[in-house]
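Counting starts at 1 for both ligands and their atoms, following the listed order.
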Amino acid sequence: MSTQRHRVDFLVLGSGAAGLSYALQVAEFGSVAVITKADASESNTQYAQGGIAAVMDQSDSFENHVRDTLIAGAGLCDEQVVRTIVGEGPKEINRLIAEGASFSKQDGILHLGREGGHGKSRIVHAADTTGEVVEETLLDRVKSHPNIQVYQHHFALELITDHHLGQHVSKVRPDIKCFGAYVFNEKSAEVETWLAKSTMLATGGAGQVYLHTTNPGVATGDGVAMAYRAKARVANMEFVQFHPTSLFHEDARSFLISEAVRGEGAVLLNLDGHQFMEQYDSRKELAPRDIVARAIDDQLKTRGEQHVWLDISHKPADSILHHFPRIHARCMEVGIDITKDKIPVVPAAHYMCGGVFTDVNGQTSIERLLACGEVAYTGLHGANRLASNSLLEALVVGSRSAKLAAELITTSTWNEEIPDWDDSGTTHPAEWVLISHNKDELRRIMWDYVGIVRSNLRLERAARRIDLLYEETETFYRRSRVSTGLCELRNMIAVAYLVIRSASIRRESRGLHFITDYPDTVENERRVTLI
Ligand code: FAD
Ligand code: SIN
């Protein structure tokens with residue numbers, strides 16, 4: 001079978017808020033291909049509940065939003081980046097509204113929700129289905145744009161760089177270029193060569209690296225792993241955000257109970273019915289989520305219990321139904337009526353604050369490679385992301401990188417010397433049982449040893465076990481035909497390695513990274529972890 005070669009001006013890997021919003025804007029300047037590994041809407045974006053943080057009210061100010069972001073980021077945010085992204089938030093909200101997104105209103109004006117760490121109500125939302133509204137709005141526009149083609153069930157395997165021209169690239173260099181990507185077409189089971197004048201990495205997060213996560217199955221950290229193998233800079237991977245409240249129920253494990261529920265007055269109780277947050281932080285339920293997640297973790301560990309309660313049943317039922325129709329419906333499916341019952345919740349891996357190092361225009365350390373959204377590290381989140389700042393970042397940086405890419409392609413050409421994918425010598429189809437076993441093992445190791453509270457001993461244990469999984473999986477990969485499952489496993493191992501290595505480098509506790517051997521925050525350690 002002959003390998004397909006494609007040529008496109010703008011190659012976009014991923015179809016969440018970052019990829020789609022970027023695609024719509026570069027489409028004015030050339031041809032666009034959006035490559036996405038599942039159904040186009042399947043993404044972290046699709047499941048976002050709380051909303052998008054932006055200064056949309058006279059009583060609020062950019063200065064307030066900047067301050068809240070810097071406080072949550074625990075000294076590691078890049079203040080200039082924070083100012084730029086916060087400052088351009090309202091423009092992006094208005095752009096989404098112009099594209100057709102319909103957000104919740106009260107008395108004819110946007111209803112602004114409240115979430116932890118925000119000193120003001122500033123969360124633009126569509127009840128508790130904000131992500132779905134954003135995703136569907138952007139996807140509708142993308143699908144009807146004449147310059148954009150969406151390729152579903154196409155898995156981006158590797159970024160194409162100088163390395164594929166036979167040049168040995170052993171470490172980060174300033175002059176590495178990206179020429180596109182090798183993409184596995186799941187239907188034809190063939191690896192295609194996609195040549196591009198510019199490539200946008202918008203592959204989202206990596207929650208699946210942990211046993212318990214709010215993220216859907218597609219969030220396997222492929223983008224960070226591909227960029228790392230291509231010798232891009234990767235930053236701050238130790239900062240994994242655990243959401244305090246995911247539903248604890250065996251039939252609905254990864255379902256998120258939005259922070260907005262606490263914003264509307266829900267309280268956290270231990271199984272004795274005691275409201276415990278006050279003993280950890282004066283902001284109680286509305287403290288930043290690293291503090292709330294650690295408090296719950298502490299309650300569970302010291303009391304030997306499996307979950308805590310989240311209770312909003314003291315609020316009027318019609319208000320609960322109005323604000324949280326999705327959460328109410330999902331909980332009802334498993335027999336919990338949130339207008340009357342307490343909700344059993346536990347923390348779960350939610351968001352990757354680190355990622356592929358970029359500037360505020362999405363430029364990575366590799367030429368012609370941009371990155372945007374959860375896969376990227378811009379400096380906005382620092383050591384802990386403020387709630388609802390990630391969709392904001394995806395949209396603002398998506399727009400800024402579209403401008404950069406439009407300029408970039410005027411001086412780029414397709415590199416025709418790139419060889420097609422060589423799979424000679426790979427005869428065996430991958431055995432699913434080996435892949436699923438290793439995935440499960442990896443996810444448990446990360447949950448048990450590299451979770452909310454870490455220690456040197458646990459990190460060392462995790463590193464040894466991940467090394468073994470790496471050796472075994474690489475051997476297996478070299479002799480097997482490409483499959484999505486096997487490639488995801490490789491990528492998850494790479495992400496796990498990066499998280500453990502970054503966590504081992506940081507000799508302090510800060511924001512989301514808490515390590516018992518170094519419980520204090522140390523001014524000398526206040527720097528970005530770069531790999
Ligand atoms: P995604 O939306 O995850 O999109 C990534 C895309 O890349 C997907 O289409 C995926 O299939 C594709 N992809 C991945 N790997 C490959 C590959 N190898 N080849 C091809 N395609 C690939 N943030 C907020 O700001 N506010 C919220 O209220 C909020 N709520 C959240 C609730 C939940 C349950 C979750 C999970 C997250 C929430 N977040 C929220 C975080 C936010 O949703 C994400 O950070 C944001 O949507 C990321 O957008 P993205 O475009 O970068 O990635
Ligand atoms: C939530 O709704 O609690 C999620 C918000 C976020 O992750 O930003």
Enumerate, one pair per line, all nitrogen or oxygen atoms of ligand 2 lying under 3.5 Å from a protein nitrogen or oxygen, stating the separation to 0.1 Å; write 'none' if no such pair exists.
from, atom 1, to, atom 2, distance (Å)
ligand 2, 2 (O), Gly50, N, 2.9
ligand 2, 2 (O), Ser258, OG, 2.7
ligand 2, 3 (O), His243, NE2, 2.7
ligand 2, 3 (O), Glu259, N, 2.6
ligand 2, 7 (O), Arg289, NH1, 3.0
ligand 2, 7 (O), Arg289, NH2, 3.4
ligand 2, 7 (O), His350, NE2, 2.7
ligand 2, 7 (O), Arg385, NH2, 2.7
ligand 2, 8 (O), Arg385, NH1, 2.8
ligand 2, 8 (O), Arg385, NH2, 3.3
ligand 2, 8 (O), Ser388, N, 2.6

For ligand 1, is there an atom lying under 4.0 Å from some heavy atom of [X]?
{"X": "Asn215", "answer": "yes"}
{"X": "Gly131", "answer": "no"}
{"X": "Ala219", "answer": "no"}
{"X": "Ile35", "answer": "yes"}
{"X": "Ile52", "answer": "no"}
{"X": "Ala394", "answer": "no"}

Between [Y] and [X], is there a side-chain donor-acceptor contact under 3.5 Å, judged purely by atom types and distance?
{"X": "Gln208", "Y": "Asn215", "answer": "no"}
{"X": "Asp222", "Y": "Thr203", "answer": "no"}
{"X": "His328", "Y": "Asp128", "answer": "no"}
{"X": "Ser319", "Y": "Glu264", "answer": "no"}
{"X": "Thr199", "Y": "Arg368", "answer": "no"}
{"X": "Tyr47", "Y": "Glu135", "answer": "no"}
{"X": "Lys37", "Y": "Thr220", "answer": "yes"}
{"X": "Thr214", "Y": "His350", "answer": "yes"}
{"X": "Arg229", "Y": "Asn491", "answer": "yes"}
{"X": "Glu192", "Y": "Asn185", "answer": "yes"}
{"X": "Asn389", "Y": "Thr69", "answer": "yes"}
{"X": "Gln241", "Y": "Asp290", "answer": "no"}
{"X": "Gln49", "Y": "Thr129", "answer": "no"}

Region of [X] engaging ligand 1 - heavy atom pairs below 4.0 Å:
{"X": "Thr203", "result": "both"}
{"X": "Arg385", "result": "side chain"}
{"X": "Ala387", "result": "neither"}
{"X": "Gln49", "result": "backbone"}
{"X": "His154", "result": "backbone"}
{"X": "Ala18", "result": "both"}
{"X": "Gln46", "result": "neither"}
{"X": "Asp222", "result": "side chain"}

Could an N or O of ligand 1 be found under 3.5 Å from any N or O of [X], whether backbone or side chain?
{"X": "Tyr47", "answer": "no"}
{"X": "Ala156", "answer": "yes"}
{"X": "Gly50", "answer": "yes"}
{"X": "Ala17", "answer": "yes"}
{"X": "Ala48", "answer": "no"}
{"X": "Lys37", "answer": "yes"}
{"X": "Tyr351", "answer": "no"}
{"X": "Asn44", "answer": "yes"}
{"X": "Gly51", "answer": "yes"}

Tell me, which protein residue and heavy-atom name are nearest [atom], and how many Å apart are they?
{"atom": "atom 45 (O) of ligand 1", "value": "Glu374 OE1, 2.6 Å"}
{"atom": "atom 7 (O) of ligand 1", "value": "Gly14 CA, 3.1 Å"}
{"atom": "atom 6 (C) of ligand 1", "value": "Ser15 N, 3.5 Å"}
{"atom": "atom 47 (O) of ligand 1", "value": "Thr45 OG1, 2.8 Å"}
{"atom": "atom 40 (C) of ligand 1", "value": "Ser390 OG, 3.8 Å"}
{"atom": "atom 37 (C) of ligand 1", "value": "His350 CE1, 3.5 Å"}
{"atom": "atom 8 (C) of ligand 1", "value": "Glu42 O, 3.4 Å"}

> Which atoms from ligand 1 have a heavy atom of Phe155 less than 4.0 Å away?
Replying inline: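 With Phe155 as reference, the close atoms of ligand 1 come out as 18 (N), 19 (N).
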>> Can you name the atoms of ligand 1, numbered from 1 with element, that are less than 4.0 Å from a heavy atom of Gly204?
In response: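 Checking each atom against Gly204, I get 3 (O), 5 (C), 52 (O), 53 (O).
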Can you check whether [X] and [Y] have ring centres sitting under 6.0 Å from each other?
{"X": "His381", "Y": "Tyr351", "value": "yes"}
{"X": "His164", "Y": "Tyr182", "value": "yes"}
{"X": "Tyr151", "Y": "Trp194", "value": "yes"}

>> What I want to find out is whether Asp420 reaches Arg5 closely enough, with some N-O distance under 4.0 Å, to be called a salt bridge.
In response: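 Yes, charged N to carboxylate O under 4.0 Å.
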> When you measure from the centre of the six-membered ring of Tyr477, is the NZ or CZ of Arg490 under 6.0 Å away and within 45° of the axis?
Replying inline: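 Here Arg490 passes the 6.0 Å and 45° test against Tyr477.
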> Is there a donor-acceptor pair under 3.5 Å between the side chain of Ser43 and the backbone N or O of Gly16?
Replying inline: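 Not a single qualifying donor-acceptor pair exists.
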>> I need the single residue from Leu268, Val261, Val267 that forms a side chain to side chain contact (heavy atoms under 4.5 Å, CB included) with Asp311. Which is it?
In response: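 Of the listed residues Leu268, Val261, Val267, the side chain to side chain contact (heavy atoms under 4.5 Å, CB included) partner of Asp311 is Val267.
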> Between Glu186 and Thr484, does a side chain to side chain donor-acceptor pair (under 3.5 Å) hold up when you go through it step by step?
Replying inline: CA-CA 8 Å; Glu186 287 185 354; Thr484 298; 2.5 Å; yes
